Amino acid sequence: MASEPSLSAPKGTRDLLPPESWAWQKVIRLGMDMFADAGYAPMDTPLFEHTEVFERGVGEATEVVGKQMYTFIDRGDRSLTLRPEGTAPVMRSVLEHSLHRGALPVKLAYAGPMFRQERPQKGRYRQFWQIGIEAIGSESPLADAEVIELAMRFYEAIGLEVKLLLNSIGHPGEDCRLGYGKVLAAYLTEHEAELAGVDRARIASNPLRTFDSKEEPTVAVMAGAPLITDHICDGCKAHHAQVTSALDGLGVEFEAAPKLVRGLDYYMRTAFEFVAGGLGSQNAAGGGGRYDGLAELLGGPRIPGIGFALGLDRIMLSLSEQDQSQQTGEMAAYVVALDEKHAGPALEMATRLRRAGLATDLDLMTRGLKGQMKAAARSGARYTVILGAEEAGPGSFLVKDMTSGEQEVVDGPDLEGRLTR
Ligand code: AMP
């Protein structure tokens, strides 16, 4: 086993530290608020689930389940897995709590870490964050359009330019995806000798996956492969046409991507991906699709659904490449004690301002006046409130505007009002 220094974060994981963490939190809040404004309620599921949730939901033939899961046996001899994705757990939860028996669609939003044992590289981690939504219970192409428009508006709001790739991968019927799978398998068999070794095994197990291959020889073969768009059934074609016309109506631009099949088995009909610049090979900033068969795979009734998951690590990477400006928490005031005698009152003042809803900080390191003023400047606070200054009489305070450098004496009762101006 490869040895790692025992006190570093495990390979493929990282600490989220300031100042990046500020921007991170801001983006999550913005997303969750935006989704809430469209009716998506916040929710959370456990970080681990019974392994079966993913084996049945995502599919054992997928890379994610077959090769990337963090699965362990707990002390009660149960097989548990750190969640590699959010949709199967959300559906498990909807079924468990019978949310689908209430008002439909069930609209939910989440943000949290996912775990996959992949080879780490830029934009690819073993613990990574996703923010996502699920609209469960509607088969309407309008639900697809709503979900996709929300993702695009989220990217726009955070200032990240992405391209929307859109496809329909049909449904698992003989007249649709299964039939296409056979056509594709026949084509692949014909070109078997030209395929990369690792991809040959897929002809029988999961021919559609060959579109995801990064192996040069396979990519060359796939360039001439039959496309799913030419083989999906009339029902799926009509659904797709309605999705694209709804998107047109919303002014959402997309690129038809007939080779986009996506990595998880539960997708059917609509499949989409958002690609961003500046990320190299890991350029998928998010993706999603329709998963009308998922509830049944988990042992429930047939409940259609559509959703997306956006990769926050990649979004933040791409943003930091676009915009290097540092984000900090915004402080309204920094309280400074002129001498030791005023250290206690300084904490009382900071608390008073915080209780009034003003973001306030102060020195907790017993620094001298100069050190405190430096810390005040570093904090980015708009004002510094100085306690114990001679020019301010009892009950008044010296307030320094940190932008203009001007100082004024403010009466005690007027302080909060002055600091919010
Ligand atoms: P998926 O669940 O595979 O469709 O992934 C949805 C999004 O999550 C992707 O488009 C990526 O932005 C992000 N993502 C997936 N796997 C990783 C990973 N290992 N590291 C970082 N981000 C990831």
Side-chain angles (χ1 to χ4, degrees), residues 9-16 20 24 27-28 31 45 49 53-54 57-59 61-70 81-91 109-134 147-148 150-152 154-155 158 160-167 169 206 208-209 211-212 214 257 260-268 270-291 294 305-321:
K11 188 175 170 191
T13 71
R14 64 208 182 106
D15 300 309
L16 192 58
E20 195 197 355
W24 193 277
V27 163
I28 292 178
T45 61
E49 295 275 348
V53 169
F54 305 109
V58 181
T62 61
E63 293 278 291
V64 170
V65 173
K67 299 192 183 142
Q68 301 173 348
M69 293 206 303
Y70 281 101
T81 293
L82 296 182
R83 63 179 186 192
E85 59 92 53
T87 303
V90 168
M91 187 60 95
Y110 62 86
M114 307 292 160
F115 307 84
R116 294 181 195 173
Q117 191 167 356
E118 297 191 80
R119 196 169 48 76
Q121 64 179 84
K122 185 185 169 196
R124 190 160 76 192
Y125 308 101
R126 292 182 170 176
Q127 175 174 336
F128 58 97
W129 275 64
Q130 287 185 339
I131 182 166
I133 66 171
E134 314 289 352
V147 162
I148 293 172
L150 261 171
M152 290 301 274
F154 168 75
Y155 285 121
I158 60 171
L160 183 62
E161 224 173 278
V162 297
K163 189 162 70 180
L164 164 61
L165 304 179
L166 183 68
N167 194 20
I169 54 169
N206 205 340
L208 267 70
R209 282 276 75 77
F211 281 111
D212 289 340
K214 302 269 188 289
L260 176 74
V261 289
R262 296 197 41 76
L264 314 177
D265 270 4
Y266 54 57
Y267 286 118
M268 59 178 282
T270 308
F272 54 89
E273 204 154 85
F274 306 99
V275 293
L279 288 173
S281 64
Q282 303 303 311
N283 66 351
R290 184 163 271 292
Y291 43 83
L294 175 59
I306 170 118
F308 63 65
L310 315 181
L312 275 167
D313 303 77
R314 291 185 196 172
I315 288 172
M316 298 316 285
L317 256 178
S318 205
L319 273 183
S320 68
E321 250 145 64

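Keep in mind that what you see is a predicted model, and the values were worked out from it rather than measured. Just so you know, ligand 1 is whichever comes first in the structure, and atom 1 is the first atom listed for that ligand.
Nearest-heavy-atom check against atom 16 (N) of ligand 1 across Phe128, Phe115, Phe274 picks out Phe128. For atom 8 (O) of ligand 1, the nearest non-hydrogen atom from the set Arg314, Gln130, Gln121, Arg119 comes from Gln130. Among Arg116, Glu63, Gln117, Gln68, the residue whose heavy atom lies nearest to atom 2 (O) of ligand 1 is Arg116. Of the listed residues (Met114, Lys122, Glu118), the one carrying the non-hydrogen atom nearest atom 19 (N) of ligand 1 is Glu118.
Side chain of Thr13 to main chain of Arg126: no donor-acceptor pair is present (N/O by atom type, distance under 3.5 Å, no hydrogens or angles). Looking at Asp313, its side chain never comes within 3.5 Å of a backbone N or O of Gly123 through a donor-acceptor pair. In this structure, the side chain of Arg314 engages the main chain of Ala284 through a donor-acceptor pair within 3.5 Å. Using a distance-only test at 3.5 Å, with no hydrogens or angles considered, no donor-acceptor pair links the side chain of Tyr291 to the main chain of Thr87. Judged purely by atom type and a 3.5 angstrom limit, Arg83 has no side-chain atom pairing as donor or acceptor with the backbone of Phe115. Not one N or O on the side chain of Asn283 forms a donor-acceptor pair closer than 3.5 Å with the backbone of Val275.
The atoms of ligand 1 that sit less than 4.0 Å from any heavy atom of Ala309 are 6 (C), 7 (C). Each of the atoms 20 (N), 21 (C), 22 (N) of ligand 1 lies under 4.0 Å from some heavy atom of Gly123. When each atom of ligand 1 is checked for a heavy atom of Ala284 under 4.0 Å away, the hits are 9 (C), 10 (O), 11 (C), 12 (O). The ligand atoms of ligand 1 that sit less than 4.0 angstrom from a heavy atom of Gly286 are 10 (O), 12 (O). If you number the atoms of ligand 1 from 1 as listed, the ones under 4.0 Å from a heavy atom of Ala285 come out as 10 (O), 12 (O).
Here the closest heavy-atom approach between residue Val261 and residue Leu208 is recorded as CG2-O, 3.4 Å.
Of the options Leu16, Leu319, Ile315, a side-chain contact (heavy atoms from CB on, under 4.5 Å) to Trp24 is made by Leu16 and by none of the others.
Considering backbone and side-chain N/O of Tyr267, none are found under 3.5 Å from N/O of ligand 1. Considering backbone and side-chain N/O of Glu85, none are found under 3.5 Å from N/O of ligand 1. Residue Asp313 has no nitrogen or oxygen atom sitting less than 3.5 Å from a nitrogen or oxygen atom of ligand 1, judged on distance alone.
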